[in-house]
Amino acid sequence: MEGRPPPGPMSPGSWRPADERPSFFAHALTMSARFGSSPWPADDLPDEPPRPSGLFISSTVMDGIRSHHSEPHSDSDTVEEAARLLQALAEAPAPELMSGLHDRLAESEALAVADDLLDELARRRLREDRLRAIGRDLAEYGTRREATKIGIALVGACGDERDRDLLLLLGSLEEFTLYAVVALLRSQPDGHRAVYELARRVGGWGRIHAVERLHDCDDPEIKDWVLREGWRNSIMDEYLAPIAATTGGLYAALLVPAPDDGLVTAAGGVLATLVQGESGPSTGISGYADAVPALSRFAELAAGREATLGLVNNVLTIRAYLRDGDPGWPRKDVRALRHRYDRLAARDDWRAIVLAGLAEPGTGTFRAALSAAERLALPAIPQVIAHLRAEPGDNYCWYTALRIADAAQAAQVVETALELLPVDDLATGPGTDQGFGPEYEAELLLETVVDGLGSRPGLGLPLIRAALRNRVVRLRWCALRALAAWPAMPDEVLGWIREAADAEPDPDLREELRALAATGTGRKRRVSG
């Protein structure tokens with residue numbers, strides 16, 4: 001990797017896990033050989049369990065959610081037993097004890113064990129060289145992810161610069177990035193540089209874990225990378241945009257005499273994401289101390305830039321917040337900013353770039369053009385229909401079409417849906433499916449269209465009837481909500497609702513369908529499935 005030989009096993013030992021799975025170390029070496037140091041594509045890990053039908057949340061995602069959105073919890077029983085085994089191994093290495101440690105840790109959640117275990121080991125004052133060797137064994141030969149995570153944590157607590165390549169390699173698997181990042185910071189003399197190196201190798205939760213731990217970095221190269229691209233990730237950019245603004249030195253970077261286009265583009269993305277983050281998982285624009293001068297300077301720089309769809313959408317996102325949000329800034333500052341952003345949004349050349357994007361249906365930039373067109377109140381329905389004919393699976397465009405269409409245009413959108421969606425095939429009969437996964441793509445598209453029919457009384461009846469007869473519970477709830485929003489409905493539809501109620505396997509939905517059929521109008525107290 002990067003001109004260095006890959007890390008080799010440090011302690012050959014006689015211990016190996018009892019199962020015959022390949023180790024994560026071997027898996028990571030294979031991925032490195034295939035894809036280098038760039039973010040690796042998603043790939044099942046050697047111990048991946050069979051995936052259940054329905055909603056599936058990977059342990060990588062669960063670690064990310066738990067570490068950000070729930071109170072830390074501990075597993076004292078595992079901590080005590082693991083500490084006992086580690087103490088015995090530090091005093092007299094034995095393969096059977098290593099197997100017992102590996103298998104016991106495999107049954108735990110590393111997030112609930114790692115910190116308390118390291119504290120307990122420090123209290124027991126065990127030999128660090130032996131703990132490092134045990135950690136290396138778990139990290140190099142482990143075949144169960146939770147045990148391997150604890151091995152990485154041990155290496156971080158007791159290791160040194162010799163362990164850098166091992167931590168970078170395993171950390172490139174996003175399942176282990178959180179643990180590798182903490183281990184690099186603890187064990188490496190240049191911890192921020194090591195984390196920076198790892199951050200560029202991952203793109204999802206791993207990127208979030210890594211960049212969050214660069215928040216107090218003052219290395220100019222790292223700060224520039226965080227601002228320009230490091231905050232982007234495949235989960236939610238809102239997690240890292242505040243770090244891009246603060247650690248990345250957003251406002252100071254914009255004050256240089258002639259910032260390059262890449263910097264201005266990145267700054268616009270950060271500011272727009274901070275605006276969106278007001279209701280997101282991190283601090284938003286109102287928590288950014290330099291927000292007002294940064295927004296003012298960005299508007300000044302944007303005015304002198306050639307229009308692009310990205311620039312236009314970022315400006316429009318900020319403009320919408322200035323018009324409708326409440327950041328708590330002085331009124332004179334808000335008025336001045338509104339004036340600047342309104343002037344940008346009114347520019348003819350900016351509107352021209354949006355219309356040019358709408359004129360290319362089926363392209364990757366069409367959605368960006370449609371987003372801008374909606375906020376600029378530019379006509380777009382003919383172009384949207386043309387795009388949907390080329391890309392019928394574009395859920396965003398179905399959603400937007402019904403939201404921006406007038407009555408006549410909404411009828412055209414519905415006609416297009418009846419033509420492009422497999423409506424008859426979706427009336428399969430009610431089931432208990434939750435509708436998660438790629439095999440439910442058609443149901444998701446139908447749900448999007450039906451959801452938009454609640455404000456269109458009498459429109460799209462064949463679509464609603466198919467939804468009432470679909471296998472996915474959530475889609476049938478969606479049809480009910482749409483019908484319940486209508487002031488009245490034809491007798492024919494009341495008959496469909498009665499039929500649906502008689503066949504409905506979900507008791508709550510069955511009750512609501514019968515109530516709607518009895519009254520002919522929706523009940524406000526529920527209809528929320």
Side-chain angles (χ1 to χ4, degrees), residues 1-10 20-49 51 56-64 110 136 138-149 151-152 155-156 161-185 187-188 190-214 221-222 224-226 228-237 239-240 262 364 438:
M1 299 184 299
E2 296 100 23
R4 297 193 297 271
M10 172 191 163
E20 297 181 356
R21 297 186 183 98
S23 68
F24 297 103
F25 177 82
H27 180 72
L29 281 176
T30 300
M31 297 294 284
S32 179
R34 292 178 62 191
F35 303 108
S37 60
S38 298
W40 298 341
D43 191 56
D44 284 347
L45 296 178
D47 68 340
E48 200 73 45
R51 294 188 178 182
F56 170 77
I57 302 178
S58 70
S59 55
T60 306
V61 174
M62 288 306 302
D63 274 357
R136 292 278 310 206
L138 288 171
E140 293 172 6
Y141 304 123
T143 59
R144 301 287 295 278
R145 64 189 66 188
E146 302 304 317
T148 302
K149 291 172 184 177
I152 293 171
V155 172
E161 56 266 27
R162 293 172 295 171
D163 304 306
R164 183 190 188 100
D165 282 344
L166 174 66
L167 296 173
L168 288 173
L169 180 69
L170 287 173
S172 297
L173 297 169
E174 298 216 18
E175 182 73 32
F176 304 114
T177 310
L178 170 61
Y179 303 87
V181 164
V182 175
L184 287 167
L185 284 174
S187 65
Q188 301 306 300
D190 58 344
H192 281 147
R193 297 293 300 187
V195 170
Y196 168 49
E197 187 174 346
L198 181 53
R200 290 177 292 164
R201 301 179 181 209
V202 288
W205 275 111
R207 171 69 64 87
I208 294 171
H209 293 312
V211 173
E212 283 178 338
R213 285 157 180 83
L214 296 173
E221 179 184 339
I222 297 175
D224 185 66
W225 175 79
V226 169
R228 289 176 180 267
E229 58 180 291
W231 58 283
R232 295 287 191 186
N233 64 86
S234 61
I235 306 301
M236 284 185 74
D237 290 342
Y239 279 105
L240 299 180

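Side-chain atoms are counted along with the backbone in the values below, which use heavy atoms only and exclude waters and symmetry mates. This structure is a prediction, so every number in the text was calculated from the model and none was measured.
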Item to check | Straight-line distance of Leu185 CG to Asp190 CG, nearest 0.5 Å | outcome: 10.0 Å
Next on the checklist: Could you walk me through whether Val226 and Tyr196 satisfy the side chain to side chain contact (heavy atoms under 4.5 Å, CB included) test, starting with their C-alpha distance in whole Å, then the side-chain angles of each, then the deciding distance to 0.1 Å, before giving a yes or no?
Outcome noted: CA-CA 9 Å; Val226 169; Tyr196 168 49; over 6 Å; no
Item to check | Between CG on residue Leu138 and OG on residue Ser23, distance to nearest 0.5 Å | outcome: 12.0 Å
Next on the checklist: For Phe24, run the ring-ring contact (aromatic ring centres under 6.0 Å, His included) check against Tyr179, Tyr141, Phe176 and tell me which one passes.
Outcome noted: Phe176
Next on the checklist: Within the 4.5 Å heavy-atom criterion, are Arg193 and Gln188 side-chain neighbours or not?
Outcome noted: no
Checklist entry - Is any side-chain heavy atom of Glu140 less than 4.5 Å from a side-chain heavy atom of Thr148? => result no
Checklist entry - How many angstroms lie between atom CG of Leu198 and atom CZ of Arg200, to the nearest 0.5 angstrom? => result 10.0 Å
Item to check | Approximate separation, where rounding is to 0.5 Å, of Asn233 CG and His209 NE2 | outcome: 10.5 Å
Next on the checklist: With rounding to the nearest 0.5 angstrom, report the CD1 to OG distance, Ile208 to Ser234.
Outcome noted: 7.5 Å
Item to check | Shortest non-hydrogen contact between Pro41 and Phe35, atoms and distance | outcome: CG-CZ, 3.6 Å
Next on the checklist: Between Arg207 and Glu174 (salt bridge meaning N to carboxylate O under 4.0 Å), is one present in this structure?
Outcome noted: no
Item to check | Heavy-atom side-chain proximity of Val155 to Ser187 below 4.5 angstrom | outcome: no
Item to check | Exercise: identify the closest heavy-atom pair between Leu167 and Ala180 | outcome: O-CB, 3.5 Å
Next on the checklist: What I'd like to find out is whether the side chain of Thr30 reaches to under 4.5 Å of the side chain of His27, using heavy atoms alone.
Outcome noted: no
Checklist entry - Quick one: do Arg21 and Asp47 make a salt bridge, cutoff under 4.0 Å? => result no
Checklist entry - Does a side-chain N-to-carboxylate-O contact under 4.0 Å join Glu197 and Arg201? => result yes
Item to check | SB check Glu161 Arg164 (cutoff 4.0 Å) | outcome: no
Checklist outcome for this item: Shortest non-hydrogen pair, Pro22 vs Pro46, comes out as O-CB, 3.4 Å
Item to check | Closest non-hydrogen atom pair, Glu175 against Leu45 | outcome: CB-CD1, 3.6 Å
Next on the checklist: Could you check whether any side-chain heavy atom of Leu184 comes within less than 4.5 Å of a side-chain heavy atom of Leu168, counting everything from C-beta outward?
Outcome noted: yes
Checklist outcome for this item: Between Ile235 and Gly204 the two heavy atoms that sit nearest each other are CG1-C, 3.7 Å
Item to check | Atom of Ala210, atom of Val195 and distance for their closest heavy-atom approach | outcome: O-CG1, 3.4 Å
Item to check | Check against side chain to side chain contact (heavy atoms under 4.5 Å, CB included), Leu173 and Trp40 | outcome: CA-CA 8 Å; Leu173 297 169; Trp40 298 341; 3.5 Å; yes
Checklist entry - Looking at CZ of Arg136 and CD1 of Ile152, how far apart are the two atoms once the value is rounded to the nearest 0.5 Å? => result 11.0 Å
